[in-house]
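Here's the structure we're looking at; comments come further down.
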Amino acid sequence: MTPMTGQHTARARGVRSPRPDAPSGLPGPRTGTLPHRLRAPLARRGTALHPGAWWLWALGLATAASRTTNPLLLMLLCAVAGYVVASRRTNAPWARSYGAFLKLGLAVLAIRLVFAFFLGSPIPGSVVIVTLPEVPLPGWAQGVRVGGRVTAEGLVFALYDGMRLATLLVCVGAANALANPARMLKSLPGALYEAGVAAVVAMTFAPNLIADVQRLRAARRLRGRTDKGVRALLRVGLPVLEGALERSVALAAAMDSRGYGRSAPVSPAVRRATAALTLGGLLGVCTGTFALLTAQGGAYGLPLLLAGAVLALAGLRLGGRRSLRTRYRPERWGTRAWLVAGSGAAAGAVLVAAGDVFPEALQPPAVPLALPPLPLWPAAGLLVGLLPALVAPVPAPSRPASPDGPAHGGSSTPGSVSGRPATAGTPDASGPPVPSAESAASRLRPSAPEEPAL
Amino acid sequence: MIRFEQVSVRYEDTAEPAVGPVDAAIPEGELCLLVGASGAGKSTLLGTVSGLVPHFTGGTLHGRVTVAGRDTRTHKPRELADVVGTVGQDPMAHFVTDTVEDELAYGMESLGLSPGTMRRRVEETLDLLGLNELRDRPIATLSGGQQQRVAIGSVLTPHPSVLVLDEPTSALDPAAAEEVLAVLQRLVHDLGTTVLMAEHRLERVVQYADRVLLLDAPHGRAGGAADPAAGGTAGDSAGCRTSGGGTRIGTPAEMMALSPVHPPVVALGRLAGWSPLPMSVRDARRRAGPLRQELAPLPEPVTPPSRDDRPAGRSPRTVETPGATTGRPGNSLRRSGDGLRSRLRAVLRPAPDRAGAAHRSGAPPADGGTAPELLARAAGLTLVRGAVTALHEVDLTLHAGEVAALMGRNGAGKSTLLGALVGLHAPTSGTVAVGGGERLAPAGTAPRRLLRHVGLVPQEPRDLLYADTVAAECASADADADAPEGTCRRLVAELLPGVDGDVHPRDLSEGQRLVLALAVVLTARPPLILLDEPTRGLDYAAKSRLVRILRALAAEGHAVVLATHDVELAAELAHRVVILAQGETVADGPTSEVVTSSPAFAPQVAKILAPQRWLTVPQVRAALAGTGPPDAPGGPDGPDSPEGPDAADWSDRADVPGSGAGDAS
């Protein structure tokens, strides 16, 4: 067996897009943008970006978004995130969540505006758009107003505020769409590995549950019952749960027989120490957080929190000793990961710094009404966030995955042992695969006496 | 490598052991096939090798199982993970991660192998199983055969010396099954892996086996006893065994001579008296020269029961009264088949006084050779789901009394076509009409109304069953179908004699559940009955029972459509075979023509006797016996066929209404 052939063919598959290790003599597309060795490689297992980098990048952008209400900057931020997602997302299920986050953002914006319209706004405005009849409220509801004057300033303020929230959601959505959650979970420390496995299993179970629900609803129709409406959906709940339970038991058996839960012998002292460290650490984290949130505990809150975190980490580390597990091809944090994470951090840092320099531009006042200015330097800083669209590895060309008849035959059987011809016109043409000499003999002997009557 | 010493397993709530006692040793580097009827405890015995029985499932293990010198009593499954690899029937239930490469590595990660070793072994395994192109693919997007190969690969990477497989090819189409078997063959021959495998589809695997472990159902086991066919099997086979309820191990030829379950190639070998028995088509073909000569002058059974000769098969209906046949002593099987038909008729038929007001529109045509009624028609049916064209311009007509088999690889559109006929999917273009003269569009018809015209037994019959007991299920089926009370219960009594009304459907065997679902569907008396992969997971006994039932239904004037991978079943039962590929019809014609013209869909007998067109062993037997009925006692198979009536033979004993044999007389 030749262990390396696998890698070679895998590489050969990616010839369509430029690779860092491509010989420079090849007539590549000379658009004059970047030299070959700097261009983004095709994302494969080995070159894929660490999912943590995407999250750091997105958090950087989110920090930037939280620092401004300037709609121009916020729109720019959305455009940056959207562009990167468009250029680097895969066709994986989680990547499709981006649309959902966009819609959620728009919904938040709309809700904010509706509230501002009907409940009024604390912003003193002079440009009245419309005056709604005001609902008289009792005295204890002081400060709350329903109806009344709707001012343009109030709406603009709500718009700015809503846009900030929506942009935050878009940033989170971008991370969600770009980072593979399964890989992210695999980067957890050893002691948490099993929790990560549980999460991955749960993620793969969800699509199965949906398929079960669909199948059982179809079966209801076969029994002559209606398959529409909430009741029909509820009725299949029990069988679906039953099926899920059975599948979990089967999976547990499979995992057990594949060595899940094998542990190394650990001395009782270490075990006790682990428990003490972890518990103490978590206690410290909780108390510290509580202290930080209350007004007077600021002094001892932070040290307590930090100490707790250190203890908990030490506990986790020690707990990892019980685990025999090794990691297969762990995620690597390479230069490109640094660049991606750094670009997000830079965008965030620029806006944090700009908050002091251009307070007016970053928080444009709603009163008086005016076009918000576009501060050039912060805008340029945000554009740094586009860097991933250049440096992050390009996702592999998408492959149409058929939902129900996945891939047996047609163009998507690249890996069948037999190398059966993909275009199987007639049964004769799509002869059986030839796995071994004996079977070949047995298969081919009774050759077709006649053409089938078509 | 694997040693069973007086092994038996008993679960808490049963008096009888689920399996055993088993005494056997399987040496290193052998492919050992575990053979036995449903309920004989095959899965349980496989579980003892990986330690899942009793550590995971509970129950009591008597005796001792040692694998590579480790006693499973003292080693938990996870501690055997480095010597035993286990793959179950459903590969999807086996996967822990989401991509192929991670899945291959998972077992090694658990064992704590070094990263370098893991990487090397993953690459090796990708090559060994031909999975390299799929390495980055999400597992959910793979086909059944690919998933099964990934599952096998995932247990191979820790380099186990024993591989345990429970029905690895049952759910696969013939080509995908070949992929998997090729891999197993390679493992045994190249790596010296010991493989222990249970499989119902013996015709696929027995030729690869080095050794066969024959497992009898322990006496009085409920699983077998409830199903008379299986019960008969157990009883009969025990009769010819030295140790009742025990096991035997030997070469495939020796064991197949004894086995109550055997593939058609063996049945033909027994019929022709070949010794040693052939295991593969090649073996049989080399010996078949004389048989072919003998058969050459005999009239070939052109098409099994084609539509034109059915009226003859149906004629006795007017004279036979329900129940009359059952009382006859010493009824031959042909009779008992007829009896089943007439009894079915008695249940399915409305009483004479209500027949006038018959609310069944699809009643079979009156006797007397009128053209069979057109029950369903699809014209230019195209169905697009998402980006996939599941069906493309499919034309299909179905007439009363016809049995049609839909074949084609996984994902060819068989299930979608059935779904379109029963209204689960609305056609994108083209038309589907069911209900004979009423020409209903299934997708636009209320389910309750459609129920009387067409019924589908889905791939997983359990999906149709909701209630806690068989009796409750029957009552709700009656209510669903507006049928008189007790209709379904009587159908169940006919089709599944001996099943108690209090049994939970989950506790039925695979075959019993299928028949229960069929009874539920039949309650509304639909003239068109569709079955999706009915023989998945059925043993030969359950299959032959199903064949009998479906034949009786077709003779009754029902049209039956089966989507199946099982070429033997199609050859046995279908008048007509429709082959789909990529959503298009590539062949549609009489069974004997379609299946003999393509090796992938040819049954074993056809391959052995090509270019003559014999499809099944009963046909050959009937022809050899001259004009006699196909299963007359003292036939050519007399001496060396241990099984009695209703045996689990590949349904050669089933009644053959209107088949070549019947017509010859």
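Chain naming here is simple, since letters A, B, ... match the order of the sequence lines and numbering starts at 1 in each.
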Proximal component of [X], with respect to chain A [non-hydrogen, under 4.5 Å]:
{"X": "B/Met407", "value": "neither"}
{"X": "B/Ser154", "value": "both"}
{"X": "B/Ser476", "value": "both"}
{"X": "B/Phe95", "value": "backbone"}
{"X": "B/Leu52", "value": "side chain"}
{"X": "B/Ala477", "value": "both"}
{"X": "B/Pro442", "value": "backbone"}
{"X": "B/Leu464", "value": "both"}
{"X": "B/Arg506", "value": "side chain"}
{"X": "B/Val84", "value": "backbone"}
{"X": "B/Arg449", "value": "neither"}

Next on the checklist: Under the rule for side-chain hydrogen bond (donor to acceptor under 3.5 Å, both in side chains), what residues qualify as partners of A/Tyr328, not counting sequence neighbours?
Outcome noted: B/Glu101
Can you tell me how far the [atom1] atom of [X] sits from the [atom2] atom of [Y], to the nearest 0.5 Å?
{"X": "B/Thr86", "Y": "A/Arg258", "atom1": "OG1", "atom2": "CZ", "result": "10.0 Å"}
{"X": "B/Glu133", "Y": "B/Arg135", "atom1": "CD", "atom2": "CZ", "result": "10.0 Å"}
{"X": "A/Arg262", "Y": "A/Tyr260", "atom1": "CZ", "atom2": "OH", "result": "14.5 Å"}
{"X": "B/Leu131", "Y": "B/Leu142", "atom1": "CG", "atom2": "CG", "result": "8.5 Å"}

For chain A, which candidate among [options] shows the most heavy-atom pairs at distances under 4.5 Å?
{"options": "B/Ala151, B/Ser110, B/Ala81", "answer": "B/Ser110"}
{"options": "B/Gly423, B/Pro458, B/Gly455", "answer": "B/Gly423"}
{"options": "B/Leu111, B/Asp102, B/Val96", "answer": "B/Asp102"}

Could you check whether any side-chain N or O of [X] sits under 3.5 Å from a backbone N or O of [Y], counting only pairs where one atom can act as donor and the other as acceptor?
{"X": "B/Thr157", "Y": "B/Leu104", "answer": "yes"}
{"X": "B/Arg186", "Y": "B/Leu128", "answer": "yes"}
{"X": "B/Asp173", "Y": "B/Asn410", "answer": "yes"}

Checklist entry - Are the side chains of A/Leu49 and A/Pro393 in touch, meaning some heavy atoms are under 4.5 Å apart? => result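 Yes, their side chains come closer than 4.5 Å.
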Item to check | side chain to side chain contact (heavy atoms under 4.5 Å, CB included) against A/Gln214, all qualifying residues, sequence neighbours excluded | outcome: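 Once residues adjacent in sequence are excluded, the partners of A/Gln214 under the side chain to side chain contact (heavy atoms under 4.5 Å, CB included) criterion are A/Ile210.
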Checklist entry - With respect to chain B, which residue among A/Pro330, A/Ala252, A/Gly243 yields the maximal number of heavy-atom pairs within a distance under 4.5 Å? => result A/Ala252
